[in-house]
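Comments concern the structure below.
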Amino acid sequence: MSVQRARALCAAAIAFLVLAEPAYAHVVQGGWPVFYHGAVHVLSTPTDLLAALGVGLLTGLRGKSAARSSILAFPLSWLAGGLLAGGLFGGRDPGGIMLPLASAVSVTLCGLLAAIDLRLPRAGIMVLAAGVGILHGYANGATLSHGRSVPMLVSGAALAAVGIAVLAHVLVATSRAPWQRIAARVAGSWIAATGLLMIGWQARGLS
Amino acid sequence: MGSLLALVHEGSGGAAGLLAGLSHPVSGLDHVLAMVAVGLWGAQLGAPYVWVLPVAFPMVMAFGGALGLAGVAFPGVELGIALSALVLGAMVLAEARPPVAVAAFVIGAFALFHGHAHGTELPEGTSGALYSLGFVVSTGALHATGIAIGLLHRWPSGRVVLRAAGLLVAVGGAYFLWKALA
């Protein structure tokens with residue numbers, strides 16, 4: 001498959017997500033298996049979606065070697081975080097603002113690093129991807145299960161997250177024209193900006 | 001940026017939050033003029049400004065927005081917003097090329113004012129995350145519009161058109177400044 005064709009397919013996949021038909025907010029009530037509930041949650045939750053996009057942009061800007069180290073670390077850490085939450089809280093929402101605030105900070109960090117195109121070493125990107133994965137997986141496991149199977153739920157979420165990250169990575173890593181790399185950095189700045197506003201939202205809840 | 005229509009999972013204010021965020025930057029002519037002028041000026045200045053501004057501006061503006069959401073007071077926000085349209089329009093009109101630090105300071109200061117205003121004007125009952133996303137996307141689209149128009153800079157007649165656009169923005173800014181002071 002040519003690079004152009006691969007890029008076109010990735011762009012079409014992202015466009016498909018953008019133009020998705022309105023989805024029911026609680027798909028489990030429609031009888032969907034828990035696995036898909038986790039996957040749909042990531043696709044329909046800004047913090048998880050933007051975090052995954054941010055990781056994809058970051059690895060894309062750094063190239064294939066960064067992706068090789070993160071492609072497993074990201075979803076596995078997401079899964080581990082979810083299992084940790086399931087074990088600690090039995091899948092109950094711990095409450096408070098720490099999880100939402102930490103999620104917003106992770107989104108901001110991923111976006112910011114992509115925006116400034118910081119030349120992190122491969123190990124640094126892997127650690128960052130793993131950290132983001134653990135945090136968001138933990139949040140999923142602690143807040144979503146409602147008595148359902150945490151491993152299945154978080155597996156679906158992790159798969160969706162890495163899928164989004166890989167799509168974004170491919171789009172950026174295969175870009176050749178300078179403006180395409182700039183567009184990736186602009187996208188990173190938008191993600192960071194959204195994260196900053198979400199942090200403000202959490203602060204608003206405190207005031 | 002994800003399943004926009006499907007993002008109603010963010011609670012009862014989901015869709016309303018996204019639409020509110022998308023529409024807010026374009027709901028005030030003062031905001032629109034300033035955001036487009038940022039793109040125009042960036043295009044006039046050329047590289048690296050033409051891409052540095054759309055990368056940096058959203059983040060600085062969001063920081064201002066976060067301050068507004070958190071309840072941090074900013075004196076003279078409306079004055080700052082009106083001044084931004086006037087000054088940025090004047091910069092475009094004059095094809096000003098200040099030092100990088102000066103341009104960055106000017107843009108950054110105005111970004112804070114605009115962001116703060118958006119942060120404090122949030123409607124009740126909306127989803128914060130979706131509002132933020134819509135708001136950032138809409139602002140970025142305004143910048144992109146300004147940059148696209150600014151590509152006219154390549155032609156001599158286009159440069160005249162851009163300067164005329166700068167004059168219009170400056171006049172609009174003067175009007176809003178007069179309203180803010182009155």
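All values below were derived from every heavy atom in this structure, side-chain atoms included, with hydrogens, water molecules and symmetry-related copies excluded. Chain letters run A, B, ... following the sequence lines, proteins first and then strands; every chain starts at 1.
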OH/B/Tyr175: more than 12 non-hydrogen atoms of other groups inside 6.0 Å: no

Taking every non-hydrogen atom, the tightest pair across A/Ala203 and B/Ala70: CB-CB, 3.7 Å

Shortest non-hydrogen contact between A/Leu112 and B/Met59, atoms and distance: CD1-SD, 3.6 Å

Neighbour count above 12 (heavy atom, 6.0 Å) for A/Arg122 CZ: no

For the student: nearest non-hydrogen atoms of A/Leu197 and B/Ser132, plus distance: CB-OG, 3.2 Å

For the student: nearest non-hydrogen atoms of A/Ala193 and B/Pro58, plus distance: CB-O, 3.4 Å

Which of A/Ala52, A/Gly200, A/Ala192 touches chain B most, by non-hydrogen pairs under 4.5 Å: A/Gly200

Contact check, side chains of A/Leu50 and B/Leu133, non-hydrogen atoms, under 4.5 Å: yes

Option that, when pairs with chain A are counted at under 4.5 Å, heavy atom only, ranks first among B/Gly65, B/Gly140, B/Gly115: B/Gly140

B/Trp155 CH2: over 12 foreign heavy atoms closer than 6.0 Å: yes

Proximity breakdown for B/Phe57 and chain A, heavy-atom pairs closer than 4.5 Å: neither

Point-to-point distance, once rounded to the nearest 0.5 Å, from CG of B/Leu69 to CE of A/Met198: 12.0 Å

Audit row: B/Trp51, A/Val186, side-chain contact (heavy atoms from CB on, under 4.5 Å) steps and yes/no: CA-CA 8 Å; B/Trp51 59 265; A/Val186 171; 5.8 Å; no

Reported CD1-to-CG distance for the pair A/Ile199 and B/Leu67, which is rounded to 0.5 angstrom: 11.0 Å

Gap separating the CG atom of B/Leu53 from the OG atom of A/Ser189, nearest 0.5 angstrom: 11.0 Å

